[in-house]
Number of protein chains: 2
Amino acid sequence: MPSLSPENSPLSQKLSHFISMDEGELDCLAALQSNPIRLERGSELIRQGEVGRFACFMQSGWGCSFKLLQDGSRQIITFPIAGDCIGMRSVLLRVSDHSFCALTDVSVTRVEVSQILPLFTRYPRLGSALLWATSRDEAITVDHLASIGRRTALERTAHFFLELSERLMMVGLTSEVEFHCPLTQYDLADALGLSAIHVNRVLRELREIKLLTFHEGKVTFHDKAALKTLAGYETIDGHTNIDTGSST
Amino acid sequence: MPSLSPENSPLSQKLSHFISMDEGELDCLAALQSNPIRLERGSELIRQGEVGRFACFMQSGWGCSFKLLQDGSRQIITFPIAGDCIGMRSVLLRVSDHSFCALTDVSVTRVEVSQILPLFTRYPRLGSALLWATSRDEAITVDHLASIGRRTALERTAHFFLELSERLMMVGLTSEVEFHCPLTQYDLADALGLSAIHVNRVLRELREIKLLTFHEGKVTFHDKAALKTLAGYETIDGHTNIDTGSST
DNA sequence: CGACGCTTTGACACAACTCAACAACCGTGG
DNA sequence: CCACGGTTGTTGAGTTGTGTCAAAGCGTCG
């Protein structure tokens with residue numbers, strides 16, 4: 001795997017959707033992401049209940065952050081990909097409220113909070129871009145919550161892949177119609193609040209109605225427009241189709 | 001309703017669980033919260049899809065922030081209470097991804113983001129306390145997500161009230177065994193991802209097994225320990241009961 | 001008084017879960 | 001080379017938790 005030039009890291013790609021960056025800002029981002037660490041598939045970087053000592057930026061690979069519940073089941077919160085920040089909350093809360101596990105081999109760089117805060121003073125635009133990215137992640141979590149709470153399994157699954165695709169798009173990891181996706185149906189189940197068996201049935205239905213195929217680690221959209229209609233999908237950055245009504 | 005002395009505002013009460021504040025910091029918080037605005041029950045302060053122009057701190061009353069879905073259903077994300085910040089994400093994302101509605105008469109103060117950012121420079125401890133509070137809210141949302149995804153209706157409802165109680169506790173709005181709670185069963189349903197009718201059944205069961213009563217706007221815990229066991233509850237600030245296992 | 005908002009209950013339907021079995025694919029080791 | 005266990009995917013049958021529909025009770029308020 002070729003090492004990316006720092007100026008074109010996934011993170012800077014992502015942030016450039018929000019602000020355009022000058023050389024100093026790009027250098028600062030590059031410095032934040034020096035010395036990547038390689039993690040093997042399956043390794044747990046963060047453990048629920050342990051003290052969070054650092055945050056990380058993902059450089060490449062797929063992971064999942066999840067909560068373990070009393071009865072042994074787990075709820076996957078998100079699948080971090082290149083350009084995403086993980087574990088920031090754990091640091092601020094001191095104790096980690098969730099775990100992080102690598103689903104493929106993964107490359108990350110550690111950042112100390114002490115590196116981040118001064119950044120807001122020296123590179124305020126970069127700081128606000130990071131805040132924007134964080135808010136965006138939060139909005140995705142909230143969307144996820146609404147999905148699990150109020151959408152059917154079919155809608156929910158469709159919505160998930162559309163959102164994932166949009167996230168991958170921002171870091172240049174997908175074309176319009178298909179992308180690589182190393183998740184198992186068990187992973188999907190734990191993310192979507194379903195059983196793995198039901199995920200299988202839902203995926204079959206999505207395939208049969210010719211909207212989307214999930215096969216051999218590859219997701220293919222057959223009719224993105226219809227999929228968006230089915231899922232009630234609105235782009236993450238706020239363009240909504242909903243008529244919010246008016247009266248009390 | 002007597003106006004609170006600024007030094008004892010819900011927000012400063014909440015933050016004082018994280019840092020102890022000196023006079024300058026308290027004054028700064030007080031300044032942030034001057035000129036409260038009164039909102040009538042039912043008024044919508046933030047509308048999904050509109051441009052988010054400001055954030056607010058709640059002074060008193062109850063509200064709900066929620067997402068509207070395509071089919072008209074809604075998912076309530078959280079019920080902001082005194083001391084909570086609302087709409088911050090909407091400002092940073094420019095377009096609001098959710099709505100906010102007052103469930104009782106409510107008093108809030110507007111804050112411009114331009115007021116917040118310099119605060120991190122002048123009162124860094126206050127800034128980090130605010131970050132902590134924000135992270136804590138995020139952790140609650142994530143918990144909520146796990147609840148809806150993986151807990152049964154009964155566990156989920158129990159968990160919700162325990163968490164709510166802990167939040168109220170931080171701003172001095174509850175005793176150990178009971179608290180005022182103006183939510184309807186419809187509100188609960190939209191928060192818990194259930195139908196109102198099923199919420200009613202669940203509440204009846206919680207009453208029958210003598211764990212919790214929800215009646216006439218009042219929540220009473222009859223056996224908090226048993227309730228925590230049922231819900232698999234861990235305190236928000238990270239003290240967990242879960243044995244995270246060990247092997248791969 | 002009637003209208004309305006909220007709660008409560010029952011009967012029934014259905015989405016999603018569980019259990020069980022099997023198929024396909026992998027890497028490993030004999 | 002093939003046998004093997006482990007992981008992942010697939011399918012069917014039966015169960016159950018939760019949703020839907022319908023109706024009634026009960027406050028409050030105009």
Side-chain angles (χ1 to χ4, degrees), chain A residues 40-42 62 64 69 71-76 101-105 147-160 180-209 212-219 230 247-248, chain B residues 40-42 62 64 69 71-76 101 103-104 147-158 160 181-209 212-219 230 247-248:
Chain A
E40 275 190 11
R41 175 181 171 193
W62 291 60
C64 68
L69 280 84
D71 63 352
S73 63
R74 66 174 185 169
Q75 175 65 47
I76 293 179
C101 178
L103 293 178
T104 65
D105 290 353
S147 242
I148 295 187
R150 284 294 179 229
R151 280 190 252 258
T152 65
L154 196 69
E155 296 165 352
R156 202 184 300 178
T157 308
H159 192 274
F160 171 80
H180 168 70
C181 175
L183 308 179
T184 69
Q185 296 184 359
Y186 288 88
D187 295 330
L188 287 174
D190 283 341
L192 297 171
L194 299 170
S195 68
I197 292 171
H198 200 61
V199 165
N200 183 282
R201 288 192 270 254
V202 167
L203 289 174
R204 177 176 16 141
E205 186 170 356
L206 283 173
R207 193 186 330 127
E208 282 172 0
I209 59 181
L212 175 150
T213 305
F214 176 84
H215 189 57
E216 289 180 343
K218 206 178 70 182
V219 173
L230 168 68
S247 60
T248 356
Chain B
E40 275 189 11
R41 176 183 169 188
W62 291 59
C64 67
L69 280 84
D71 63 352
S73 62
R74 68 173 182 167
Q75 174 64 47
I76 293 179
C101 179
L103 293 179
T104 64
S147 243
I148 296 187
R150 286 292 179 228
R151 280 191 251 258
T152 66
L154 196 69
E155 296 166 351
R156 204 185 298 177
T157 308
F160 171 82
C181 174
L183 308 177
T184 70
Q185 296 183 1
Y186 288 89
D187 295 329
L188 287 174
D190 283 341
L192 297 171
L194 299 169
S195 69
I197 290 169
H198 200 62
V199 165
N200 184 280
R201 289 193 275 250
V202 167
L203 290 174
R204 179 180 8 143
E205 186 170 356
L206 283 173
R207 193 186 331 125
E208 283 172 0
I209 59 180
L212 175 152
T213 306
F214 176 85
H215 189 60
E216 287 178 346
K218 205 179 70 183
V219 173
L230 168 67
S247 60
T248 345

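Basis for what follows: all heavy atoms, side chains included, without hydrogens, waters or symmetry-related copies. A, B, ... follow the sequence lines: proteins, then strands. Residue 1 opens every chain.
- If Arg204(B) and Thr152(A) are placed on DNA chain C by their nearest nucleotide, the residue sitting closer to the 5' end is Arg204(B).
- Toward the 5' end of DNA chain C, the nearer of the two residues Arg151(A) and Glu216(A), judged by each one's closest nucleotide, is Arg151(A).
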Q. Can you give the dot-bracket line for DNA chain C, using ( ) for pairs inside the strand, [ ] for pairs that cross earlier ones, | for pairs with another strand and . for unpaired bases, where Watson-Crick and G-U count if both distances are under 3.5 Å?
A. ||||||||||||||||||||||||||||||

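- A salt bridge links Asp190(A) to Arg150(B): one of the charged nitrogens lies within less than 4.0 Å of a carboxylate oxygen.
- Side chains of Gln185(A) and Leu203(A) form a contact here, defined as non-hydrogen atoms less than 4.5 Å apart.
- Residues Arg201(B) and His198(B) bring a donor and an acceptor atom of their side chains to less than 3.5 Å of each other.
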Q: Apply the test side chain to side chain contact (heavy atoms under 4.5 Å, CB included) to residues Asn200(A) and Phe214(A): give CA-CA distance (whole Å), side-chain angles for both, the deciding distance (0.1 Å), then the verdict.
A: CA-CA 10 Å; Asn200(A) 183 282; Phe214(A) 176 84; over 6 Å; no

(Q) Under the criterion side chain to side chain contact (heavy atoms under 4.5 Å, CB included), I'd like the reasoning laid out for Leu103(A) against Thr184(A): C-alpha separation, chi angles, the key distance, then a yes or no. (A) CA-CA 10 Å; Leu103(A) 293 178; Thr184(A) 69; over 6 Å; no

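- With a 4.5 Å cut-off on side-chain heavy atoms, Leu230(A) and Leu206(A) count as touching.
- Side-chain N or O atoms of Thr157(B) include one that pairs as donor or acceptor with a backbone N or O of Ala153(B) at under 3.5 Å.
- Listed for the Gln75(B) side chain is a donor-acceptor partner under 3.5 Å among the backbone atoms of Ala191(B).
- Separating the SG atom in Cys101(B) from the CZ atom in Arg74(B) is a distance of 7.5 Å, to the nearest 0.5 Å.
- For Arg41(A) and dG27(C), the CZ to P distance is 11 Å, given to the nearest whole Å.
- A donor-acceptor contact shorter than 3.5 Å is absent between the side chain of Arg207(A) and the backbone of Thr213(A).
- Near DNA chain C, defined here as any heavy-atom distance below 4.0 Å, the residues from residues 189-202 of chain B are Ile197(B), Asn200(B), Arg201(B), listed numerically.
- Nucleotides of DNA chain D that come within less than 4.0 Å of any heavy atom of chain B span, from the 5' end to the 3' end, dT18(D) to dA22(D).
- Side chain of Ser147(B) to main chain of Arg156(B): no donor-acceptor pair is present (N/O by atom type, distance under 3.5 Å, no hydrogens or angles).
- Rounded to an integer number of Å, the gap from CG of Asp71(A) to C1' of dT18(C) is 14 Å.
- If you measure from atom CG of Leu188(B) to atom P of dT8(C), you get 11 Å, rounded to the nearest angstrom.
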